[in-house]
Amino acid sequence: MSATRPLSVPDLPTQYAPAEVEAPLYERWVQRGYFTADVDSTRPRFAMVLPPPNVTGSLHIGHALGHTLMDVIVRRKRMQGFDTLWLPGMDHAGISTQTLVERHLAETEGKSRHDYTREEFVAKVWAWKEEYGGKILGQMRRLGDSVDWTRERFTMDEGLSVAVRTIFKKLYDDDLIYRAERIINWCPRCLTALSDIEVDHSDDDGELVSIRYGDGDESIVVATTRAETMLGDTAVAVHPDDERYRHLIGKQVRLPLTNRRIPVVADEQVDPTFGTGAVKVTPAHDPNDFEIGQRQHLPNVVMMNERGIITVPGPFEGLDRFEARSAVVAALREERRIVAEKRPYRHAVGHCSRCETVIEPRLSLQWFVRVASLAKAAGDAVRDGRTTIEPASLAPRYFEWVDNMHDWCISRQLWWGHQIPVWYSPDGDVVSLGPGEEPPPGWTQDPDVLDTWFSSALFPFSTLGWPDETADLKRFYPNDVLLTGYDILFFWVVRMMMFGLYAMDDVPFRTVVLTGLIRDQFGRKMSKSKGNTVDPLDWMDAYGTDALRFTMARGANPGTDVPVGEEWVAGSRNFCNKLWNATRFALLNGATVSGELPRDLAGADAWIVSRLQAVIVEADDLYERYEFAKAADLLYHFAWDEVCDWYVELAKISLAGPRADVTRRVLGEVFDALLRLLHPIVPFVTETLWTALTGGESVMLAPWPAADASRGDAAAEAEVAGIQAVVTELRRFRSDQGIKPSSRVPARLAGLSSGEAEIRALGRLDVPGTHFVATAVLTTAGGVTVEVDLSVDAAAQRARLTKELAAARQEREVNTAKLANEAFVAKAPAAVVGKHRGRLAAAEADIARIEAALSGLQ
RNA sequence: GGGCGCUUAGCUCAGCGGGAGAGCACUCGCCUUACAAGCGAGGGGUCACUGGUUCGAUCCCAGUAGCGCCCACCA
C-alpha cells in the first residue's frame with residue numbers, strides 16, 4: 001500500500017497488519033515535519049524534556065512505558081494546537097560507556113585502555129559511539145516517538161560541552177564548586193569515585209568481632225565489622241561521659257599486630273550504648289572515623305590502595321581487603337585478642353550501583369558541588385508551586401532528599417566524559433576556564449571528568465542553546481513537562497531543578513510527572529536473575545507497536561508500578577483489531593465526515609452522539625490529569641461496549657431505512673472523533689484508519705475533539721437504555737432456552753413506545769405468522785411484554801425466574817429495612833431516601849411480575 | 001533507625017461515605033453478512049483482622065497482622 005495515498009475500502013483486510021503500516025507512516029510523519037517545532041510560530045508552545053537514554057543503551061520495557069506516556073502527552077498537545085517541542089538526545093553515560101568500550105577492546109584487541117594514550121582511547125570511544133551507539137534512536141522511531149529530530153543533541157557534543165564549561169566556571173567563581181580531601185565512595189573495580197546515590201545499600205551477612213586493644217589495666221575492647229582496617233587505626237574513641245573509660249582518655253594503648261601505640265580519645269559521636277561503647281578509629285577508611293580524626297587531629301594512615309589491596313608492610317601486604325579480613329582475625333585470635341565474635345552479622349553494606357562491587361570509603365582529593373543553597377532553591381520551587389510533582393504523594397520523597405542533601409562529589413577518575421575545566425600551574429595555582437579561554441603555557445588540566453549527571457542536569461536548557469540567548473531558549477524554557485520514573489528523582493530531577501534555577505533563574509519545567517516501574521504479570525520486579533524480563537521489541541514484532549503502547553498506557557496509574565504480561569499485549573492488539581474492523585464497517589457502509597451534523601438526530605444516532613460528548617469531556621480531563629490508565633480504559637469501553645456492541649448493531653437497522661444518510665453521517669462523526677481521541681495512545685492504527693475514513697492528510701493535523709454540550713440528549717439515552725434492557729432480557733432467555741443465534745423466534749411485542757424494529761433485529765425475533773400461538777410470555781422490568789411461539793423449556797425458565805425472584809426479594813428486604821429505620825429517614829439526604837423508596841417500589845414490581853410469570857409456567 | 005505506601009473475584013488492578021467493578025482466566029452456546037484477534041449468556045468477592053465515628057463504612061479514625069518501597073555514616 002502506498003504511504004501517500006489514503007486507504008480505500010478494498011485495501012482493508014479483516015485483520016489489522018501493523019508491520020505493514022508502521023514504518024512508512026513514521027517516515028511520512030518525519031518527512032512532512034509534523035514533529036518539528038517552529039520557533040517563529042504564533043501558536044502557544046508546549047515543551048517537554050526527554051530523559052536522554054544512554055548512548056550505549058537499547059530500548060527496554062521501562063523506556064517503552066516512559067516514551068509511550070510522553071508521546072501521549074505531546075501528541076495530544078499538538079492536536080490541541082500547541083507548537084510542540086519534544087527534543088531528543090542521548091547521554092554519553094560515562095562509566096557504562098567506558099566500561100563497554102574497555103571490554104570491547106579487551107575482547108577484540110586484548111588490550112586495556114592503559115595501552116593507549118588518553119587521546120587515543122577517547123578517540124576509540126567516539127569511534128565506537130559512531131558505529132554502535134545510538135541504536136536506541138532507531139528504536140524510538142519504532143515506538144512512534146514524535147520527537148523533533150532536527151534538534152537532536154548529545155551530551156558530549158560541542159554546544160553541550162560549552163554549556164558544561166560555562167556553568168562549571170560560574171559555579172566555581174561563586175564558590176559553589178570546591179576541591180577537597182574527603183572520604184568518598186570508591187569503587188575498587190571501576191577505579192573511580194562515586195556520588196552517594198550511585199551507591200546501593202543492602203543488608204549483607206558479615207561478622208562483628210570484638211578485639212582487645214592494649215594490655216593489662218590499660219586495655220579496651222572495640223567491636224568492628226572491618227577487622228582489616230585496624231592496620232590503619234590511629235585512635236580508639238569513647239564517649240566523653242562514659243564512666244567506664246574515663247580513666248583511659250588521653251592514655252595510649254598498643255595496637256595489636258603492630259608496634260604502634262594509639263591514643264584513646266573522647267568524642268561525642270560515639271554511642272556509648274552500642275557494643276562496648278568504644279570504637280576503633282580509621283580516619284582514612286571510614287567517613288565517621290574521618291570526622292572524628294578531623295576533630296581530634298589524628299593522623300590518616302592509608303592502609304590499602306585503590307584496588308583494595310593492603311599496602312601496610314608486613315604479613316598482610318598484598319592481600320585483598322577480604323582476604324586480609326580473615327587473615328587479620330586469624331592473627332588476632334592467635335594472640336587471644338578476639339573476645340567475642342558474631343557471625344553472621346547482618347548489616348548495611350554499600351555496593352557500586354553499576355557493578356555491585358562493595359564500595360570502599362576512600363580518602364581522596366575530589367571536586368564537590370556545595371549544594372546547600374542550590375538544594376534549598378530546588379526545594380522552595382516545589383514548595384511554592386512553581387513546579388508541581390504529579391502525583392503529589394511522591395513530593396515528600398523529593399523534599400526528604402533536597403532537605404538532607406550532602407555535597408555532591410562530581411569528579412570521576414575516568415577518561416570518557418567532560419574533562420574538568422580546571423588547570424594547575426607547576427606551582428600549584430588553580431584556575432577554572434570557561435569556553436574559549438586558554439590556559440597559560442605549562443599549565444595542565446585536571447585529568448578527571450565530571451559525573452555524567454552533571455551534564456544531564458543541564459539538559460533542559462543546554463539543548464536549547466544556552467549559554468547563548470537563542471530563540472529556542474527564549475521560546476521553550478522553562479519546559480512544561482518532565483515525565484520520568486520515580487527511580488531517578490534524585491539522580492536527575494533534583495539536579496535539573498538545582499542547575500536550572502541557578503543558571504536560568506527559573507525552574508526547568510512546570511510539572512514533573514512521575515511514573516512507576518514496570519513489573520511482570522505477577523507484580524514482581526523484573527530482573528535478569530529472575531528471568532522475567534521482556535524485550536519490548538519482541539512484543540512489537542508480535543502484536544504491533546500500538547498494542548504495546550496501549551498496554552503501557554492502560555497500566556499507568558499515576559505513580560504506581562505497571563505490571564505487564566504478554567496476554568495483556570495480545571488483548572491490546574485485539575482492541576486495535578476491533579477498532580480496525582469497526583472503522584472498516586463504517587467505511588463499507590459509506591460513513592461520511594463532511595457537512596454539518598444534522599440537528600434532528602433520533603434514536604441510536606442521537607444516543608451515541610450524546611454519549612460521545614460525555615466521553616470527550618471525560619477523556620480530555622483524564623488526559624489533562626495524566627490519568628493515562630483511566631483515559632485508555634474509558635476509550636476502550638466506549639469504543640468496544642457502546643460503539644461496537646450497540647451502536648454499530650443499531651446502525652445496521654437504520655442504514656436499511658429512510659434515515660440511512662443521517663446514520664452514515666453519524667458513523668463518520670463518531671469514528672472521526674473516536675480515532676482522534678485515541679490517536680495519542682495508538683498513533684499508527686488511528687492514522688491509518690482516520691486518513692481512510694476522512695481523506696484527510698493526517699490525524700496529527702486534525703484538531704483535538706471538543707464536546708458540544710447542546711448534543712447531550714438524555715431522552716435518547718433513556719430510550720436506548722430501554723432497548724438494551726429488553727434485548728438483553730431476550731438474549732438471556734434465548735441462551736437459557738438453548739436457542740441458536742441463527743434461528744429467529746416468532747414474537748409479538750406489546751408495551752413499547754419505540755424501538756420495536758431494533759428489539760426485533762437485535763433479539764432476532766420474527767413477525768408472527770398466521771398460526772402464531774403464544775406459548776410463553778416475557779415481561780421485562782420496563783413493562784414490555786414479549787410473547788413467543790416456541791416450545792419452552794419450563795424447567796430452565798423456572799430456574800431463571802426463581803433466581804431473579806430471590807434477588808428481587810433480597811432487594812426488597814434491604815430497602816424495607818433501611819426505610820424502616822427512623823434515623824435513616826430523618827438524617828439521610830432526601831435524595832438518598834427517595835432513591836431507596838424507588839428501589840423498593842421497583843423491587844416490589846419485579847416480585848409481582850416474576851411471581852406472575854412463574855405461575856404462568858405451571 | 002526514619003519516611004511513605006499497600007492488603008478488593010483465580011491473577012493483575014480500579015473504586016474510596018449511600019445498590020461491589022475492569023482486563024485476563026473460567027463455564028455454556030454460537031462461523032448471527034465489520035471483526036472467531038470475534039459474538040451472546042453466565043459463574044465467582046463476610047472489600048486482611050479488631051474496635052470506633054456515623055442514620056449508613058470497602059471508603060473516615062485507632063489498633064493488630066502481613067507485604068512492599070525509599071532514605072539512613074551506628075562501629
Side-chain angles (χ1 to χ4, degrees), chain A residues 12 14-16 183 196-197 201 208 222-226 229 237 269-271 273-282 286-291 347-348 350 361 393-394 396-397 399-401 404 406 486-487 489-490 516-517 519-523 525 543 547 554-555 557 559-565 567-568 570-589 629-630 633 636-637 644-645 648-649 652 727-728 731-736 738-744 762 764 811 814-815 818 821-829 831-833 835-836 839:
Chain A
L12 292 177
T14 60
Q15 285 195 352
Y16 172 51
I183 297 273
D196 290 346
I197 45 175
H201 293 273
L208 183 69
V222 298
T224 182
T225 54
R226 300 208 55 195
T229 63
Q269 192 168 319
V270 179
D271 176 359
T273 66
F274 185 89
T276 60
V279 59
K280 62 192 274 306
V281 182
T282 323
D286 183 277
N288 285 313
D289 295 4
F290 180 74
E291 286 177 29
H347 64 129
S393 60
L394 287 171
R397 281 196 195 184
F399 292 126
E400 185 189 2
W401 181 258
N404 300 291
H406 298 316
Y486 59 65
D487 54 327
L489 185 62
F490 309 137
L517 274 25
R519 319 200 77 125
D520 75 6
Q521 62 205 302
F522 305 110
K525 229 173 188 168
Y543 303 104
R554 201 177 185 190
N557 283 300
T560 63
D561 288 344
V562 181
V564 293
E567 300 88 334
W568 308 354
S572 299
R573 181 271 315 266
N574 295 352
F575 176 61
C576 292
N577 199 52
K578 189 72 178 175
L579 275 181
W580 179 268
N581 279 296
T583 311
R584 185 165 164 271
F585 169 86
L587 280 161
L588 287 167
N589 287 282
K630 290 177 185 66
D633 199 58
Y636 177 95
H637 285 289
C644 292
D645 286 352
V648 164
E649 296 305 320
K652 286 174 185 172
V727 170
T728 300
R731 285 170 172 170
R732 188 178 299 130
F733 175 76
R734 295 180 62 118
S735 185
D736 287 344
I739 302 165
K740 295 191 174 191
S742 50
S743 77
R744 294 186 168 270
L762 300 189
R764 307 191 74 72
E811 174 76 355
V814 166
N815 288 287
K818 199 136 202 169
N821 181 345
E822 288 176 25
F824 169 73
V825 178
K827 295 190 177 180
V832 174
V833 176
K835 194 162 142 190
H836 284 278
R839 282 173 57 186

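Nothing here was measured: the structure is a model prediction, and the numbers come from that model. All chains are named by letter (A, B, ...) in the order of the sequence lines, taking the proteins before the strands, and each is independently numbered beginning at 1.
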*Asks:* Please figure out whether A:Glu649 or A:Val279 has its closest RNA chain B nucleotide nearer the 5' end.
*Replies:*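 Taking each residue's closest nucleotide, the earlier one in sequence belongs to A:Glu649.
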*Asks:* Can you figure out which of B:U32, B:U12, B:C35 approaches the side chain of A:Lys578 most closely?
*Replies:*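 Ranking B:U32, B:U12, B:C35 by closest atom to the A:Lys578 side chain puts B:C35 first.
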*Asks:* Please tell me which of the listed nucleotides, B:A75, B:C24, B:C39, lies nearest to the side chain of A:Thr225?
*Replies:*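 Of all the options, the side chain of A:Thr225 is nearest to B:A75.
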*Asks:* For nucleotides B:A37 and B:U33, find the distance between their P atoms and express it as a whole number of Å.
*Replies:* 16 Å
*Asks:* What integer number of Å spans the C1' atoms of B:G17 and B:C13?
*Replies:* 22 Å
*Asks:* For the side chain of A:Arg573 and the base of B:A37, is some donor closer than 3.5 Å to an acceptor across the two?
*Replies:*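 A donor-acceptor contact between them is present.
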*Asks:* If I take atom CD1 in residue A:Ile739 and atom C1' in nucleotide B:G40, what distance separates them, rounded to the nearest angstrom?
*Replies:*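 Rounded to the whole Å, the gap is 13 Å.
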*Asks:* Quick check for you: among B:A14, B:A72, B:C24, whose closest atom lies nearest to any side-chain atom of A:His201?
*Replies:* B:A72
*Asks:* Counting only N and O atoms by type, is there a donor-acceptor contact under 3.5 Å from the side chain of A:Asp286 to the main-chain atoms of A:Asp289?
*Replies:* yes
*Asks:* Identify which nucleotide among B:C69, B:C73, B:C35 has an atom closest to any side-chain atom of A:Arg397, counting heavy atoms from C-beta outward.
*Replies:* B:C69
*Asks:* Let me know, please, whether A:Gly738 or A:Arg554 comes out on the 5' side of the other along RNA chain B by nearest nucleotide.
*Replies:*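 It is A:Arg554 whose nearest nucleotide is closer to the 5' end.
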*Asks:* Which class fits the ring pair A:His836 and A:Phe824: parallel under 30°, tilted 30 to 60°, perpendicular over 60°?
*Replies:* perpendicular
*Asks:* Looking at B:G23, does its base get a donor-acceptor pair with the side chain of A:Glu567 below 3.5 Å?
*Replies:* no
*Asks:* Determine the contact category for A:Tyr543: base if any of its heavy atoms lies under 4.0 Å from a base atom, sugar-phosphate if only primed atoms, P, OP1 or OP2 are that close, otherwise nothing.
*Replies:* nothing
*Asks:* Which is true for A:Thr560 with a 4.0 Å heavy-atom rule: it touches a base, it touches only sugar-phosphate, or it touches nothing?
*Replies:*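 Sugar-phosphate contact only.
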*Asks:* Which base, if any, makes a Watson-Crick or G-U wobble pair with B:A75, both distances under 3.5 Å?
*Replies:* none
*Asks:* Looking at A:Leu12, is its backbone amide N or carbonyl O close enough to the side chain of A:Arg584 to form a donor-acceptor pair, meaning the two atoms are under 3.5 Å apart?
*Replies:*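 Judged by distance alone, yes, a pair lies under 3.5 Å.
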